[in-house]
Each structure stands twice: as structure tokens, then as C-alpha cells.
Amino acid sequence: MRTEAINRAKLVFTLFDVDGNGFLEADDFELMATRVLHAVPTADDAAKGAMLDAFRKYWNTLVSELDSDHDGRVDFDEYTACVLSPERFDEAVNDFAEALAGLGDLDGDGYVRRPVFVALMTAIGFRLPNIHALFDAFGPTDSDQITRSIWITGIKEYYGPDMAGIPGDRLVEELAA
């Protein structure tokens, strides 16, 4: 497992630990889902439902795979053991990636515009300079949009335990604000 993958997982863990108690819990995922859905109020109900389902599946995968003491909480070590294990987490990541990119593709044309991408990534908690660096790394078109499929691929790569030098690494880099 690469250091870059651990750093990416640590960042997401920190962002998803909404109450900052050092554990992920169901309430953290519900709150995060609410934030993300509010970021794109004009998204259709099907896309919003898919996103909510994906957040819940993400949580349910973690808790079912890791919560051996049944306390309803997942710590960082447990989290990393699951999300960086493709055989345990690929299905949840795939659903999450499809739902998030689908939520960002407001008109269903296969593209996500920068303002929508920024709104969604800001709602998750990523830093603005890093969000723009990631969007730029995805190679936007002249009309400042990326394909939905490139974002899906980027999300899947983000959770790859052996991935380095990927666009998603820009989310953990220290960039000038």
C-alpha cells in the first residue's frame, strides 16, 4: 500500500468525520450526504436519491466489514483496512463515483461544469485551491467542463491502494490558498 493512498484515505476520513470525534458513524454520513445534496439544489430527484443511497452504502459497507464490536463506529485504522482493499470496497466506490458524477451532470449531457464540481467538492470539505487543481488535472474542455466518465475514473483511482501520481493526489497536496 502506497503512502499516497494512505494520505488520500486520511483526508477523506477527516472530512467524513463530521463531528471530529475520531470515528466515522452513520450520522456523519447522513450529514455529509445532506451537505452534498444541498450543494446542487437543481439536481433531479433521481440523482439526489442515487447520491443518498451511495452515501448509505458507503457507510453500510464500512460498518458491516469492520464493526466487529458492533458499537456503530469505525476508526481510522479500520477505515483504511476497508477502503484501500478493492475486494472489500470496490462496489461501494463504484456506486459512490457514479452517483457523485451523476449528481454533477445536471443536464445529463455527460459533462460536469466547474462551478458544479466546485460546489460538490466544497460541500464534501476539500480545500478550494485543491479542488481547482484537481479539476484542471482532469483536462477540462474549452467551455470549462469535464466528462462525467473522467471524474468517475478519478474517484475510483483515488481509492486505489497502489496508485500514485494520479489527479486525486492534488486533493492532499499543500497548495497556496
Side-chain angles (χ1 to χ4, degrees), residues 1-40 43-105 112 117 119-127 130-131 134 148-164 166-169 171-172:
M1 188 172 318
R2 297 188 62 100
T3 301
E4 295 91 337
I6 294 168
N7 291 340
R8 292 188 304 263
K10 184 182 286 187
L11 176 60
V12 170
F13 181 90
T14 302
L15 297 176
F16 280 17
D17 179 15
V18 177
D19 62 10
N21 69 352
F23 295 94
L24 299 181
E25 299 158 311
D27 288 347
D28 291 322
F29 282 79
E30 292 296 320
L31 183 54
M32 181 63 69
T34 300
R35 287 181 184 175
V36 169
L37 295 176
H38 280 67
V40 286
D44 67 41
D45 289 341
K48 288 179 180 180
M51 186 78 262
L52 184 57
D53 289 346
F55 268 111
R56 288 177 177 159
K57 182 174 190 170
Y58 193 123
W59 167 247
N60 288 331
T61 299
L62 291 177
V63 77
S64 68
E65 288 280 336
L66 302 172
D67 189 21
S68 58
D69 62 0
H70 306 290
D71 67 352
R73 304 180 339 163
V74 173
D75 68 24
F76 176 70
D77 290 334
E78 292 170 328
Y79 174 77
T80 303
C82 184
V83 299
L84 296 179
S85 296
E87 68 279 1
R88 298 171 89 181
F89 204 64
D90 268 0
E91 187 178 332
V93 168
N94 291 340
D95 289 354
F96 184 82
E98 291 282 345
L100 187 59
L103 191 64
D105 181 7
V112 178
F117 182 88
L120 288 168
M121 297 295 280
T122 300
I124 294 171
F126 294 105
R127 293 179 60 239
N130 300 79
I131 295 167
L134 175 60
R148 180 177 170 171
S149 62
I150 210 133
W151 194 10
I152 291 168
T153 298
I155 294 168
K156 292 176 183 180
E157 287 177 344
Y158 191 92
Y159 288 93
D162 299 317
M163 302 298 282
I166 61 170
D169 287 335
L171 292 173
V172 297

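Side-chain atoms are counted along with the backbone in the values below, which use heavy atoms only and exclude waters and symmetry mates.
Side-chain contact between Val12 and Tyr159 is present, with at least one heavy-atom pair separated by less than 4.5 Å. Contact of the Phe13 side chain with the Thr80 side chain is not registered, since no non-hydrogen atoms from C-beta on lie closer than 4.5 Å.
Here the closest non-hydrogen pair linking Ala101 and Arg148 is CB-CG, 3.6 Å. Closest approach of Gly160 and Ala5 over heavy atoms only: O-CB, 3.6 Å.
Leu15 meets the side chain to side chain contact (heavy atoms under 4.5 Å, CB included) test with Leu11, Ile124, Phe126; sequence neighbours excluded. Among residues two or more places apart in sequence or in another chain, the side chain to side chain contact (heavy atoms under 4.5 Å, CB included) test is passed with Ile166 by Arg8, Glu157, Met163, Asp169. Partners of Thr34 by side chain to side chain contact (heavy atoms under 4.5 Å, CB included), not counting sequence neighbours, listed by chain and number: His38.
Side-chain N or O atoms of Asp17 include one that pairs as donor or acceptor with a backbone N or O of Gly22 at under 3.5 Å. Of the possible donor and acceptor atoms, one in the side chain of Asn60 sits under 3.5 Å from a partner among the backbone N and O of Arg56.
Atom OG1 in Thr14 sits 9.0 Å away from atom CG in Leu24 (nearest 0.5 Å). Note: Trp59 CH2 to Met32 CE = 13.5 Å, rounded to the nearest 0.5 Å. With rounding to the nearest 0.5 angstrom, the CG atom of Leu31 is 9.0 Å from the CG atom of Asp19. Atom CZ in Phe55 sits 10.0 Å away from atom CZ in Arg35 (nearest 0.5 Å). Here CZ of Phe16 is found 6.0 Å from OH of Tyr79. Values are rounded to the nearest 0.5 Å.
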Could you pull out all donor-acceptor pairs under 3.5 Å where a side-chain atom in residues 71-78 meets a protein atom, sequence neighbours excluded?
| from | atom 1 | to | atom 2 | distance (Å) |
| --- | --- | --- | --- | --- |
| Asp71 | OD1 | Arg73 | N | 3.0 |
| Asp75 | OD1 | Asp77 | N | 3.2 |
| Asp75 | OD1 | Glu78 | N | 2.8 |
| Glu78 | OE1 | Asp75 | N | 2.8 |

Under 3.5 Å donor-acceptor pairs involving side-chain atoms of residues 43-52, not counting sequence neighbours:
| from | atom 1 | to | atom 2 | distance (Å) |
| --- | --- | --- | --- | --- |
| Asp44 | OD1 | Ala46 | N | 3.1 |
| Asp44 | OD1 | Ala47 | N | 2.7 |
| Lys48 | NZ | Pro41 | O | 3.1 |

Donor-acceptor pairs are to be reported for all side-chain atoms of residues 90-100 against protein atoms at under 3.5 Å, with residues two or more places apart or in another chain.
| from | atom 1 | to | atom 2 | distance (Å) |
| --- | --- | --- | --- | --- |
| Glu91 | OE2 | Lys57 | NZ | 2.6 |
| Asn94 | ND2 | Asp90 | O | 3.2 |
| Asp95 | OD2 | Lys57 | NZ | 2.5 |

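Results of the side chain to side chain contact (heavy atoms under 4.5 Å, CB included) test with Leu120 over Leu37, Ile131, Leu103, Val112 single out Leu103 as the only residue that passes.
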